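First the structure, in the form of structure tokens, and then the observations on it.
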2 protein chains.
Amino acid sequence: MAEELNTGLLLFLPYRAMETRVFDELAAAGFDDFTPAQARVFQRIAPHGSRLTDLARQAGITKQSAAFLVEKLERAGYVHTVPDPDDGRARLVLIAERGRRSVEASRTVVAQVEAEWEAHLGAERMAELRRALTDLREITDPWR
Amino acid sequence: MAEELNTGLLLFLPYRAMETRVFDELAAAGFDDFTPAQARVFQRIAPHGSRLTDLARQAGITKQSAAFLVEKLERAGYVHTVPDPDDGRARLVLIAERGRRSVEASRTVVAQVEAEWEAHLGAERMAELRRALTDLREITDPWR
DNA sequence: CGTGTTGGTCAGCCTCTCTGACGGATCGGG
DNA sequence: CCCGATCCGTCAGAGAGGCTGACCAACACG
């Protein structure tokens, strides 16, 4: 057993555990008409709206793909889009009412999973894990 | 930007950084005829071969999808498959010569990225990060 | 044996993601 | 003020990846 997994895979395993957990429980709560890919875009919408292109870059996909996903999200009532008052070319993607409720629901699940992890690792190690990951963002997260 | 990202996203960012880095450098080294999805399956082949179904479960996809990906990998010379001598129904997926060379190349890149992370965090914090992630496997990794 | 379980395949379908080409809006230098 | 460069988003087409459902073959075990 004690083989040395590469750090990438080590990161991926809990990430996927969190994602499927949130996804499953949200589906159980009635938010069952979106896909993981749509969620990955949705999750990056800033509180006061984001431009399509910014969403695409942050999610690491092309703007065409992002537009495709946003359109689905809009059709399902999770977001709505408005013209950007500051830039005639741009469209702002905003979280709609249904989206806000789903955010609330997901926050609960995330908190629950994080509590389980904390129970397993202990509060101090969990906090350090988050600190280390946050610091890693500086060299692994191209946007901000 | 001290906002509190959820731990899942925090895990995802460095994971993706690692994945794209390895993918890009492998492509530059001539291993450019496989996709990330194929790599995610390939990466899980045990040293002495794995069954298709096991690969599927570990990668979190259906056996049909796994078969599809393995077939591509076989066509590109990264793996070959043989009947499992212990079970007439099963096929063992084995790493082929070209696959072995790509593993070697990827190991180099992974080591390089891990070294960069270690330089950023310090050796002790990096080691603790790996320990914490390894411990999290116990509750987030359904297979072992 | 028969019955249930497991490993894999076949077929059909939908989602995601990409490339390439484009039109419209904005920005910046002259 | 204008013109070229750049940026925002769309349209069109294509391919990969993933799923469900139905099925067969081989094992496991009473």
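Letters A, B, ... are given to chains in the order of the sequence lines, protein chains preceding strands, and every chain is numbered from 1. Just so we're clear, the structure is a prediction, and the values are computed from it rather than from any experiment.
- Listed by chain and residue number, nothing satisfies the salt bridge (charged side-chain N to carboxylate O under 4.0 Å, His left out) test with Glu118(B) (two or more places apart in sequence, or in another chain).
- Remark: Ala37(B) engages Thr35(B), Arg40(B), Leu69(B) in a side chain to side chain contact (heavy atoms under 4.5 Å, CB included) (not counting sequence neighbours).
- With sequence neighbours left out, the side chain to side chain contact (heavy atoms under 4.5 Å, CB included) criterion links Gln64(A) to Thr62(A).
- For DNA chain C, none of the residues of residues 24-35 of chain B falls under the heavy-atom distance limit of 4.0 Å.
- Rounded to an integer number of Å, the gap from Arg51(A) CZ to dA25(C) C1' is 11 Å.
- For the side-chain contact (heavy atoms from CB on, under 4.5 Å) with Arg130(B), the qualifying choice from Leu10(A), Asn6(A), Leu11(A) is Leu10(A), the only one to do so.
- Heavy-atom minimum distance, Val22(B) versus Ser106(B): CG1-CB, 4.0 Å.
- Looking at Met18(A) and Trp117(A), their side chains come closer than 4.5 Å, going by heavy atoms from C-beta outward.
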> What string of B, S and - do you get for nucleotides 18-27 of chain D, 5' to 3', if B is base contact, S is sugar-phosphate-only contact and - is no contact with any protein heavy atom under 4.0 Å?
Replying inline: BBBB---BBS
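- Ring geometry, Tyr78(A) versus Phe34(A): the interplanar angle exceeds 60°, so the pair is classed perpendicular (tilted spans 30 to 60°).
- In this entry the distance linking CZ of Arg57(B) with P of dG7(C) reads 7 Å, nearest Å.
- For the pair Asp54(B) CG and dT6(C) P, the interatomic distance rounds to 12 Å; values are reported in whole Å.
- Residues satisfying the salt bridge (charged side-chain N to carboxylate O under 4.0 Å, His left out) criterion with Arg98(B), sequence neighbours excluded, are Asp33(B).
- At whole-Å resolution of the value, CD in Gln58(A) and P in dC8(D) are 13 Å apart.
- One can place CD of Glu74(A) at 14 Å from C1' of dG9(D), the figure rounded to the nearest angstrom.
- In this structure, CG of Asp84(A) is placed 11 Å from P of dC27(C), rounded to the nearest angstrom.
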